[in-house]
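Order of the sequence lines fixes the chain letters, A, B, ..., with proteins taken first and strands second; residue numbering starts at 1 for each chain.
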Amino acid sequence: MAKWLVKSEPSECGIADFARDPEGVIPWDGVRNYQARNFLAQMQEGDEVFIYHSSCKHIGIAGIVRVVKAAYADPLQFDPESRYFDAKSSADKPRWQAVDLAYVRTINPLISLDRLKSLDGLTDLPLVRKGNRLSVMPVNEDDWNTILTLDATAKRH
DNA sequence: GCCAACGTTGGC
DNA sequence: GCCAACGTTGGC
């Protein structure tokens with residue numbers, strides 16, 4: 001199973017939104033960046049995903065969710081009312097993809113960006129590189145495990 | 001609110 | 001195909 005990380009502003013959709021309805025499914029839509037889309041398209045059902053809270057007071061990895069439906073055409077690209085509408089996209093040639101995600105658990109306290117940056121064991125995480133704006137990225141197995149060593153939530157189990 | 005970094009657009 | 005202008009991201 002591959003591992004991933006997605007960024008989101010918690011005021012838009014954070015781990016709390018997943019936790020509120022643990023049985024529910026949240027479509028991860030509105031991604032409008034080609035590199036991020038290409039990664040979305042590679043996600044498989046069962047893959048685990050870090051939820052990273054950006055542009056907010058407490059920046060960092062705040063929880064884990066799971067892919068419950070692999071990539072499909074993002075419906076918002078066809079909706080003229082949506083801010084994610086794309087006139088250049090068509091039903092037979094959709095440009096943008098979405099996946100469905102469901103709650104796994106909350107990481108509390110979250111793993112802050114500061115702590116992530118202080119890890120020297122990370123081999124390849126675009127997130128901690130300066131100026132990186134990629135909102136969907138792969139996390140290799142080693143980095144995933146390294147990050148989880150900072151997770152106090154797991155230690156309590 | 002600022003601003004550096006980055007991706008996209010569009011004129012040429 | 002280049003690249004300047006522009007809009008957006010995201011940490012601070």
What donor-acceptor contacts under 3.5 angstrom involve side-chain atoms of residues 94-102 of chain A, with partners at least two apart or in another chain?
residue  : atom : partner : partner atom : Å
A:Arg95  : NH1  : A:Tyr34 : OH           : 3.3
A:Arg95  : NH1  : A:Asp86 : OD2          : 3.4
A:Trp96  : NE1  : A:Asp86 : OD2          : 2.8
A:Asp100 : OD1  : A:Tyr72 : OH           : 2.5

Exercise for the section: State which residues pass side chain to side chain donor-acceptor pair (under 3.5 Å) with A:Asn145; sequence neighbours excluded, sorted by chain then number. Expected result: none
Can I get a per-line list of side-chain donor-acceptor pairs under 3.5 Å for residues 53-67 of chain A, giving both atom names and the distance, sequence neighbours left out?
residue : atom : partner : partner atom : Å
A:His53 : NE2  : A:Ile15 : N            : 3.1
A:Arg66 : NH1  : A:Gly46 : O            : 3.3

Handout entry: Counterpart residues, salt bridge (Lys or Arg N to Asp or Glu O under 4.0 Å), relative to A:Asp142 (two or more places apart)
Key = none
Practice task
At under 4.0 Å between heavy atoms, which parts of nucleotides 4-12 of chain C does protein reach? Answer with one letter per nucleotide, 5' to 3': B base, S sugar-phosphate only, - none.
Solution key: ---BBSBSS
Practice task
State whether A:Asp74 and A:Arg32 are salt-bridged, where the test is any N-O pair (Lys NZ or Arg NE/NH1/NH2 against Asp/Glu carboxylate O) under 4.0 Å.
Solution key: yes
Handout entry: Near-strand residues of residues 91-99 of chain A, defined as heavy-atom separation under 4.0 angstrom from DNA chain B
Key = none
Handout entry: DNA chain B: 5'-proximal contact among A:Arg32 and A:Lys130 (nearest heavy atom)
Key = A:Lys130
Handout entry: Cluster link A:Leu110 to A:Ile51, ILVMFWY, side chain under 4.5 Å
Key = no
Exercise for the section: Could you walk me through whether A:Arg115 and A:Asp151 pass salt bridge (Lys or Arg N to Asp or Glu O under 4.0 Å), step by step? Expected result: CA-CA 11 Å; A:Arg115 299 192 73 202; A:Asp151 173 17; over 6 Å; no
Problem - Aromatic ring pairing A:Trp4/A:Phe39, orientation class (parallel under 30°, perpendicular over 60°, tilted between) - result: tilted
